[in-house]
There are 2 protein chains.
Amino acid sequence: MEDYLAHAKVFKALGDPKRAFILNMLSYGELCACVILEKFDMSQSTLSHHMKILCDCGLVNSRSEGKWTYYSLNQEAISKAMGFFNAVTSSKDNCISNEGFDCRKG
Amino acid sequence: MEDYLAHAKVFKALGDPKRAFILNMLSYGELCACVILEKFDMSQSTLSHHMKILCDCGLVNSRSEGKWTYYSLNQEAISKAMGFFNAVTSSKDNCISNEGFDCRKG
DNA sequence: CCTTCATATCGAAACATGTCAATATGAAAT
DNA sequence: ATTTCATATTGACATGTTTCGATATGAAGG
């Protein structure tokens, strides 16, 4: 279940449309917080809070340069999240079937 | 931004480790609610609530058969969620660069 | 019909989240 | 040194989520 905690933390972060949108913005390259802020109708403190959540779950990296903070994607974390979906969609032909799970047989 | 609402709804659903685990259980095939319930330390009403969230976001289909309810994955919804990650990770070489986003040039 | 069983819904309590204004921090410029 | 600017943190409030026990629904079996 611990695997699922890490995955769930990433999905929880993306569970807010604004954060999902920010992730997409960052797919075009590193961005300064002030630029991201311009695209939204939200306070500076709220954006800072959202960026912290994206960083804490590992999806986004931050880097300070003078007064500015730059954010970028962490491709490895994104690959891990995709791995969850791959595991879910991959064929399970070699695995134990669901017959053991059938409630009419218990 | 509407795209992100749909995506965010799916991610929000997976933002709970129990629901992420249930999705993985379903990757092995269709399951009866009563069987899922056995794997968790939660009340029946709580499981019903979680299954509703997984169904409402489209990730899971449900089917009634007599007294039982069977749940299964909706592969299309899963593909769409993967599409979000693909969009984020794919090369953006042909797109507008981030130069227009640079806070030092405004 | 009445009971039993599986699931859904309701109502309430505890907890988490999103948001803002105010304030703190820390770097750059004057 | 002082001010200014970008960002982070704090505290407070409204809203949403998770959870349970209790109750409702609806199918199957006596």
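Quick note on labels: first sequence line is chain A, next is B, and so on, each numbered from 1. Values below: all heavy atoms of this structure, side chains included; hydrogens, waters and symmetry mates excluded.
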* Structure fact -> note: A:Leu31, atom CG; D:dA6, atom P; distance rounded to Å ~ 16 Å

* Could you work out which one of D:dT7, C:dA6, C:dT9 sits closest to the side chain of A:Gln44? => D:dT7

* Ignoring backbone atoms, establish whether A:Lys67 has a side-chain N or O less than 4.0 Å from OP1 or OP2 of C:dA29. => no

* **Interatomic distance where CG belongs to B:Asp16 and P belongs to D:dT17 [whole Å]** => 12 Å

* To do: Using whole Å, report how far NE2 of B:His49 lies from P of C:dC10.
  => 12 Å

* **Options C:dT19, C:dT7, D:dT7, nucleotide nearest the side-chain atoms of B:Tyr71** => C:dT7

* Rounded to the Å, how far apart are A:Arg63 CZ and D:dA6 P? -> 17 Å

* With distance as the sole test, does A:Ser48 use its side chain to make a donor-acceptor pair with the main-chain N or O of A:Gln44 at under 3.5 Å? -> no

* Take the protein atom CG of A:Asp41 and the nucleotide atom P of C:dG18, then report the distance between them rounded to whole Å. => 17 Å

* Asked: Roughly how many Å is it from CE in A:Met51 to P in D:dA6, rounded to a whole number?
  -> 17 Å

* Asked: Nearest to the side chain of B:Lys12, which nucleotide is it out of D:dA8, D:dT17, D:dT7?
  -> D:dT17

* Asked: Is A:His50 touching bases, backbone alone, or none of the nucleic acid, heavy atoms closer than 4.0 Å?
  -> sugar-phosphate

* Asked: Closest nucleotide of DNA chain C for A:Ser43 versus for B:Leu47: which of these residues is on the 5' side?
  -> B:Leu47

* Structure fact -> To the nearest angstrom, the NZ-C1' distance between B:Lys9 and D:dG16 comes to 14 Å

* Could you state the atom-to-atom distance from CH2 of B:Trp68 to P of C:dA8 in whole Å? => 14 Å

* **Toward the 5' end of DNA chain D, by each residue's nearest nucleotide, B:Ile53 or B:Ser45** => B:Ile53

* Asked: What does A:Met42 touch in the nucleic acid at a heavy-atom separation under 4.0 angstrom: a base, only the sugar-phosphate, or nothing?
  -> sugar-phosphate

* To do: Take B:Leu73 and B:Asn61 through the side chain to side chain contact (heavy atoms under 4.5 Å, CB included) test and state the conclusion after the steps.
  => CA-CA 6 Å; B:Leu73 296 187; B:Asn61 297 125; over 6 Å; no

* To do: Without swapping roles, check the side chain of A:Ser27 against the backbone of A:Asn24 for a donor-acceptor pair under 3.5 Å.
  => yes

* Among A:Leu59, A:Asp16, A:Leu14, A:Leu47, the one residue meeting side-chain contact (heavy atoms from CB on, under 4.5 Å) with A:Ile22 -> A:Leu47

* B:Tyr4 and B:Phe11: aromatic ring centres closer than 6.0 Å? -> no

* To do: For D:dT19, take OP1 and OP2 only and decide whether either is under 4.0 Å from a side-chain N or O of B:Lys18.
  => yes

* Asked: If you pin A:Gly66 and A:Thr46 to their nearest nucleotides in DNA chain C, which one's is more 5'?
  -> A:Thr46

